[in-house]
S.K.: 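Starting off with a structure, shown below.
If you're wondering where the values come from, they're calculated on a predicted model, not measured in any experiment.
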Amino acid sequence: MDFSWMAWTGPTAAFFGVVFLLLLGMGVWEYFAPGGSPRVGLLRFETTRGDRLFLSLLGSAFICLAWLGLVGPNLWWALVLCLVYAACVFRWV
Amino acid sequence: MEKTWNNKAWFMVLPVLLLVAFSAVIPLMTVVNYSVQDTFGNNVFFWAGTEWFEELLHSQRFYDALVRNLIFSAVILAIEVPLGIGIALAMPRKGWAVPVCLVTMALPLLIPWNVVGTIWQVFGRVDIGLLGHTLAAMGVNYNYVQDPFAAWITVVVMDVWHWTSLVVLLCYAGLVSIPEAFYQAARIDGASRWSVFRYIQLPKMHRVLLIAVLLRFMDSFMIYTEPFVVTGGGPGNTTTFMSIDLVKMAIGQFDLGPAAAMSLVYFLIVLLMCWVFYTVMTNYGQEKD
C-alpha cells in the first residue's frame, strides 16, 4: 500500500509513535489498575488518569507553541518543560 | 449489585474506531505531516521544520482573524443562548400550536449553509433586497458591501436567524421533560416566576444547554460558508474569519504547509475552548445535582 500521499517524515512518525505508545501504556495501566483512579486535585474537580493525559498533551502543545512564538525554534528545552508539566499534572491535578 | 466487567465488549467499538481512523485520524496525521514541510505539488515535499508555526505565531493576519472569531463566537453565544431559552419558555406545551411552533422553528435548520448565505446576500442588498431597500428608504445608511459594521450586523443576524432554533429546540426538549409535580410544588410554596425558572427550569435544562453552548460555540468558531457567500470576508478583511483565511491560504495561494500549521493551531484552540466549556458546565451541574 502506498502511503506517500500522507507525506510521512521521520520526526512526525516518531511523534505519532510516541502518542500511540502512550495510549497503549494507558491501556496496560488500566488493565492492571482498572477504574481510572479518579481523584479531586488542584482544579477542584474529579479527573481520571485519561483526563490527566489529555491535559498533559494539550498543555504540552500550547507550551511548544508559546516557546516557538516567544523564544525560538529550539524545542528541546520546551520538551523538558512539557515533561515537567506532565509530571505535575499527573501528580497534582 | 456487583457490576459485571466484560472487556470483550470493547471489540464492539472496533467498527467505529476504523471509521474514525479513516475519516478523522488519518487526515489529521496528514495535516501534521504537511505542517512541517513545503510542497509545490506532484507529491514532492521539502522539510521545513517548525518554520510555518513560527511564521504563523508572528503573523498579525492570524491574530486579527483569531480576534474576529472570538468576538463573533462571544456575540453569537450572548445572543442565541438567552434568546433560545426565552423562546423555548414562551412556546406552548400542549395543543395544536406545539407542532406548528416546532416545525416553524426547525425550518431554518433545514436550509443548507450556502443557501442561507445567498438568501441573506440578496435580502440585504440595497438595490433589490427587501431588508436593504427598506432600510435605505427609511434613511438608514446600511450597505454591507462597503460598511464593516453593517457587514458584521448582517453576518451576526444571519447566524442568529439560522441557528437560534437549535438552542430553542434543545431547551424545549429539556423543559418538556420536567414533571408537572415540580411546578405543583412550586405553586404550593408560592414561588415567583423567576424562582421557578432559576430553581426548577434552569437546573433541568443545564445538560441540554451544555450541548447547545458547545455546538453553537464550535459551529460559530468554525463558521465559513455564510460569511464567505455574503461578504466574501470583506469589506477589506473585516469579516475574514480563520476558516476563510485558511481556505484562502490552502486553496487560493496553495500554501499547504502554512495552511496545515494554521489548521493545527486552529484545532488546538477549538479543543481547548471545548474542554473548558465542557468542564465548567458539567462541574457546575454536578454541584447543583
S.K.: Between OG1 of Thr12(A) and CE of Met29(B), what distance do you get to the nearest 0.5 Å?
M.R.: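 So the gap between those two atoms works out to 9.5 Å.
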S.K.: Going from CD on Glu46(A) to CG on Asn283(B), what distance comes out if it is rounded to the nearest 0.5 angstrom?
M.R.: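 Spacing of CD (Glu46(A)) from CG (Asn283(B)) equals 9.0 Å.
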S.K.: Does atom OH (Tyr199(B)) have a neighbourhood of more than 12 heavy atoms from anything else shown, all under 6.0 Å?
M.R.: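 No - once you tally the heavy atoms of other residues, nucleotides and ligands closer than 6.0 Å, there are 12 at most.
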S.K.: Most heavy-atom pairs under 4.5 angstrom with chain B, which of Ser4(A), Pro73(A), Gly69(A), Ala7(A)?
M.R.: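 Heavy-atom pair counts peak at Ala7(A).
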S.K.: Let me know if Thr279(B) has heavy atoms under 4.5 Å from chain A in its side chain, its backbone, both or neither.
M.R.: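 For Thr279(B), side-chain heavy atoms alone lie under 4.5 Å from chain A.
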S.K.: By a 4.5 Å heavy-atom criterion (distance strictly below it), what part of Phe62(A) contacts chain B: side chain, backbone, both, or neither?
M.R.: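 Looking at Phe62(A), just its side chain touches chain B.
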S.K.: Side chain from CB out, backbone as N, CA, C, O: work out which of these in Leu70(A) comes under 4.5 Å of a heavy atom of chain B, or both, or neither.
M.R.: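 Answer is neither: Leu70(A) stays 4.5 Å or more from chain B.
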S.K.: Work out which heavy atom in Leu65(A) is nearest to a heavy atom in Leu57(B); give both atom names and the distance.
M.R.: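 For Leu65(A) versus Leu57(B), the nearest heavy atoms are O-CD1, 3.2 Å.
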S.K.: Could you check whether atom CH2 of Trp77(A) has more than 12 heavy atoms from other residues, nucleotides or ligands sitting under 6.0 Å from it?
M.R.: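 For Trp77(A), atom CH2 is not crowded (no more than 12 foreign heavy atoms under 6.0 Å).
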S.K.: Flag the one option from Val265(B), Ile26(B), Thr39(B), Val36(B) with the top tally of heavy-atom pairs under 4.5 Å to chain A.
M.R.: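 Looking at each of Val265(B), Ile26(B), Thr39(B), Val36(B) in turn, Ile26(B) comes out on top.
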S.K.: Measuring from atom CH2 of Trp8(A) to atom CD of Gln37(B), what distance do you get when rounded to the nearest 0.5 angstrom?
M.R.: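 The distance works out to 10.5 Å.
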S.K.: Is any side-chain heavy atom of Tyr34(B) closer than 4.5 Å to one of Met6(A)?
M.R.: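 Of all side-chain heavy-atom pairs linking Tyr34(B) with Met6(A), none is under 4.5 Å.
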S.K.: Going through the distances and angles, do Val32(B) and Phe16(A) end up as a side-chain contact (heavy atoms from CB on, under 4.5 Å)?
M.R.: CA-CA 10 Å; Val32(B) 173; Phe16(A) 283 113; 3.7 Å; yes
S.K.: Is there side-chain contact between Asn33(B) and Trp5(A), with heavy atoms separated by less than 4.5 Å?
M.R.: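 Answer no - side chains too far apart.
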S.K.: Are there more than 12 heavy atoms of other residues, nucleotides or ligands under 6.0 Å from atom CZ of Phe228(B)?
M.R.: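 Atom CZ in Phe228(B) is not crowded, with 12 or fewer foreign heavy atoms closer than 6.0 Å.
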S.K.: Determine, stepwise, if the pair Phe45(B) / Thr9(A) fulfils side-chain contact (heavy atoms from CB on, under 4.5 Å).
M.R.: CA-CA 10 Å; Phe45(B) 295 91; Thr9(A) 67; over 6 Å; no
S.K.: Please check if atom NZ in Lys248(B) has more than 12 non-hydrogen atoms from other residues, nucleotides or ligands closer than 6.0 Å.
M.R.: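 Yes, enclosed.
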